[in-house]
Amino acid sequence: MLVAPLLMASGLSGGAYIATASLCAVSMHAGRVLGYGASGLVTRETLVGTLALTGALMTGNLMGKRLRAWLLNEKRARVLELGTLVVCVVLGVLGVGK
């Protein structure tokens, strides 16, 4: 939720925005895993879950890319990008998800 406004402010939209946001998500996930691993918090069980989440994240990104091309034109895609960001900010301000 914090990265999306920065990406949009830098002028990204469409496929470039989605790809960059996805790369950020994967990078943050990998960074957390490496940090937890360095501190001894990663066990065999947590590593299995981590790998499953990584696979699900990448699969979801690929599915989203294909569905986006099939279902959305550029105008609808832009409205969806901005609408999703606005909804997430409003939910965050309201404290949903604490």
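Below, all heavy atoms of this structure are taken into account, side chains as well, without hydrogens, waters or symmetry copies. Treat the numbers as computed from the prediction; the structure is a model and nothing was measured.
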Trainee: Could you tell me whether Arg76 atom CZ has more than 12 heavy atoms of other residues or ligands within 6.0 Å of it?
Mentor: no

Trainee: With a 4.5 Å cut-off on side-chain heavy-atom distances among I, L, V, M, F, W and Y, is there a chain of contacts connecting Val3 to Ile18?
Mentor: yes

Trainee: With clusters defined by side-chain heavy atoms of hydrophobic residues (ILVMFWY) lying less than 4.5 Å apart, directly or transitively, does Leu57 cluster with Met63?
Mentor: no

Trainee: Examine Leu62 and Val26 and state if one hydrophobic cluster contains both, with Ile, Leu, Val, Met, Phe, Trp and Tyr joined whenever side-chain heavy atoms are less than 4.5 Å apart.
Mentor: no

Trainee: Residues in salt bridge (Lys or Arg N to Asp or Glu O under 4.0 Å) with Arg68, at least two apart?
Mentor: Glu81

Trainee: Tell me who clusters with Leu47, hydrophobic residues only, linked when side chains sit under 4.5 Å apart either directly or through other members.
Mentor: Tyr36, Leu41, Val42, Leu51

Trainee: Should Leu80 and Val87 be counted in the same cluster of Ile, Leu, Val, Met, Phe, Trp and Tyr side chains packed under 4.5 Å apart?
Mentor: no

Trainee: When rounded to the nearest 0.5 angstrom, what distance separates OG in Ser13 from CG in Leu7?
Mentor: 11.0 Å

Trainee: Going hydrophobic residue to hydrophobic residue with side-chain gaps under 4.5 angstrom, can you get from Tyr17 over to Met28?
Mentor: yes

Trainee: Write down the atom of Leu12, the atom of Arg78, and the distance for their closest heavy-atom approach.
Mentor: O-NH1, 3.9 Å

Trainee: What are the two closest non-hydrogen atoms of Leu85 and Ala4, and how far apart are they?
Mentor: CD1-CB, 3.7 Å

Trainee: May I have all residue pairs that pass salt bridge (charged side-chain N to carboxylate O under 4.0 Å, His left out) and include part of residues 32-47, sequence neighbours excluded?
Mentor: none

Trainee: State, to 0.1 Å, how close His29 and Thr50 come at their nearest heavy-atom pair, and which atoms those are.
Mentor: NE2-O, 3.5 Å

Trainee: Side-chain contact, heavy-atom cut-off 4.5 Å: Leu23 with Thr20?
Mentor: no

